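Here, residue 1 is the first one in the sequence, and each next residue gets the next number. The shown structure was predicted, so the numbers you read here are calculated from the model rather than taken from an experiment.
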Amino acid sequence: MSNAVSALNGVTWTQGIATVTEVPLQGMITLRGQLTDAKVKKAAMSATSLEMPGHGQANCIDDRGICWMSPDELLVLCPYDAVSTNLKQMQGVLGDVHSLCVNVSDARAVFDLSGDNAREVLAKLVPVDLAPDQFTSGMFRRTRMAQVPAAFWLHDNDSFRIICFRSQAQYVFDLLTVASQRGSAVDVF
């Protein structure tokens, strides 16, 4: 049996105006259903011990979290080695509620973009207003990063957590490092 590895083996780039780091393996469960249903909410919260986020929000602490993906979809984050247990628990809570609960951990790659210029770097790549008064802690966006789908949130003051498809990990890493090149600051924020 092989060992699970992240898409880019934990690569880190520190040579520019921001730091780009691939996050170690992250447990991710897609939960689809009626988000106002009490059992759907309970299933998400039981796996994370966190409250449900609002529309366009994420409630995340360390490697646990609940991210609003769409009107009928949540991304539940948990430690990678706890996915099977959490999935079984969530399915038990959901019972016969019309829903879908699937492990998507190995289909995604996760990056941290950090540093004083992280907002500026990400703003070069996504059609989202990242001004500090417009994109604040707890906000979550699912959008395009250059030519690929991505999702992100402000993980802490100077750090964004970015999720993309695993097959596009190298492309996203390259986008982030090119946008972070020394001398590329435009001092917009």
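Both Leu176 and Val128 are part of a single hydrophobic cluster, where members link through side-chain heavy atoms under 4.5 Å apart. Follow the hydrophobic side-chain contacts under 4.5 Å out from Val23 and you never reach Phe173; the two are in separate clusters. A continuous path of hydrophobic side-chain contacts links Met145 to Trp13 [ILVMFWY only; heavy atoms under 4.5 Å]. Val110 is not connected to Met139 by any chain of hydrophobic side-chain contacts under 4.5 Å among Ile, Leu, Val, Met, Phe, Trp and Tyr, and they are in different clusters. Under a hydrophobic clustering in which Ile, Leu, Val, Met, Phe, Trp and Tyr are joined whenever their side-chain heavy atoms come within less than 4.5 Å, directly or via other members, Tyr80 and Ile66 fall into different clusters.
Atoms NE2 and CD, from His98 and Gln34 in turn, are 10.0 Å apart once rounded to the nearest 0.5 Å. Of the inter-residue distances, the one linking Lys42 atom NZ with Asp37 atom CG reads 11.5 Å to the nearest 0.5 angstrom. For the atom pair CG of Leu100 and CD of Gln91, the computed distance is 9.0 Å after rounding to the nearest 0.5 Å. Taken to the nearest 0.5 Å, the SG atom of Cys78 stands 4.5 Å off from the CD1 atom of Ile29. Here the CD1-CD distance, from Ile17 to Glu120, works out to 5.0 Å after rounding to the nearest 0.5 Å. Here Gln57 contributes atom CD and Glu51 contributes atom CD; the two are 14.0 Å apart, rounded to the nearest 0.5 Å.
At least one side-chain heavy atom of Ile162 sits under 4.5 Å from a side-chain heavy atom of Leu122. Proximity of Leu74 to Met52: side-chain heavy atoms (C-beta onward) are separated by under 4.5 Å at one or more points. Residues Phe140 and Cys60 form no side-chain contact, since every pair of their non-hydrogen atoms from C-beta on lies 4.5 Å or further apart. At least one side-chain heavy atom of Cys101 sits under 4.5 Å from a side-chain heavy atom of Leu87.
Among all heavy-atom pairs drawn from Val121 and Ser180, the shortest one is CG1-OG, 3.3 Å. Residue Ala146 comes nearest to Tyr171 through the heavy atom pair CB-OH, 3.5 Å, listed as atom of the first residue, atom of the second, then distance. For the residue pair Ser159 and Asp112, the shortest heavy atom distance occurs at OG-OD1, 3.8 Å. In terms of heavy-atom proximity, Ser105 sits nearest to Met28 at OG-N, 2.8 Å. Leu94 and Ser99 make their closest contact through CD1-OG, 3.5 Å (heavy atoms, listed as atom of the first residue, atom of the second, distance). In terms of heavy atoms, Leu130 sits closest to Val126 at CD1-CG2, 4.1 Å.
For CG of Asp133, the number of neighbouring non-hydrogen atoms (other residues, nucleotides, ligands) closer than 6.0 Å is greater than 12. Within a 6.0 Å sphere centred on CZ of Phe165, heavy atoms belonging to other residues, nucleotides or ligands number 12 at most.
Ring orientation note: the planes of Phe160 and Phe135 are tilted relative to one another, at an angle of 30° to 60°.
Applying the ring pair (Phe, Tyr, Trp, His ring centres under 6.0 Å) test to residues at least two apart or on different chains, the pairs with a partner in residues 22-76 are His55-Trp68.
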Can Ser114 and Asp158 be said to form a side-chain contact (heavy atoms from CB on, under 4.5 Å), step by step? CA-CA 5 Å; Ser114 59; Asp158 293 324; 5.7 Å; no

Stepwise, does the side-chain contact (heavy atoms from CB on, under 4.5 Å) test hold for Ser70 with Arg32? CA-CA 9 Å; Ser70 73; Arg32 298 206 67 157; 4.1 Å; yes

Please evaluate residues Thr136 and Leu154 with respect to the criterion side-chain contact (heavy atoms from CB on, under 4.5 Å), reporting the C-alpha separation (whole Å), side-chain torsions for both, the decisive distance (0.1 Å), and the verdict. CA-CA 7 Å; Thr136 58; Leu154 193 58; 5.7 Å; no

Worked verdict on Ile163 versus Leu75 for side-chain contact (heavy atoms from CB on, under 4.5 Å): CA-CA 11 Å; Ile163 298 174; Leu75 182 63; 3.5 Å; yes

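Distance alone, capped at 3.5 Å, is enough to place a donor-acceptor pair between the Arg182 side chain and the Gln15 backbone. Without hydrogens or angle criteria, Glu22 side chain to Leu8 main chain gives a donor-acceptor distance under 3.5 Å.
With sequence neighbours excluded, the residues that form a side-chain hydrogen bond (donor to acceptor under 3.5 Å, both in side chains) with Lys124 are Ser184.
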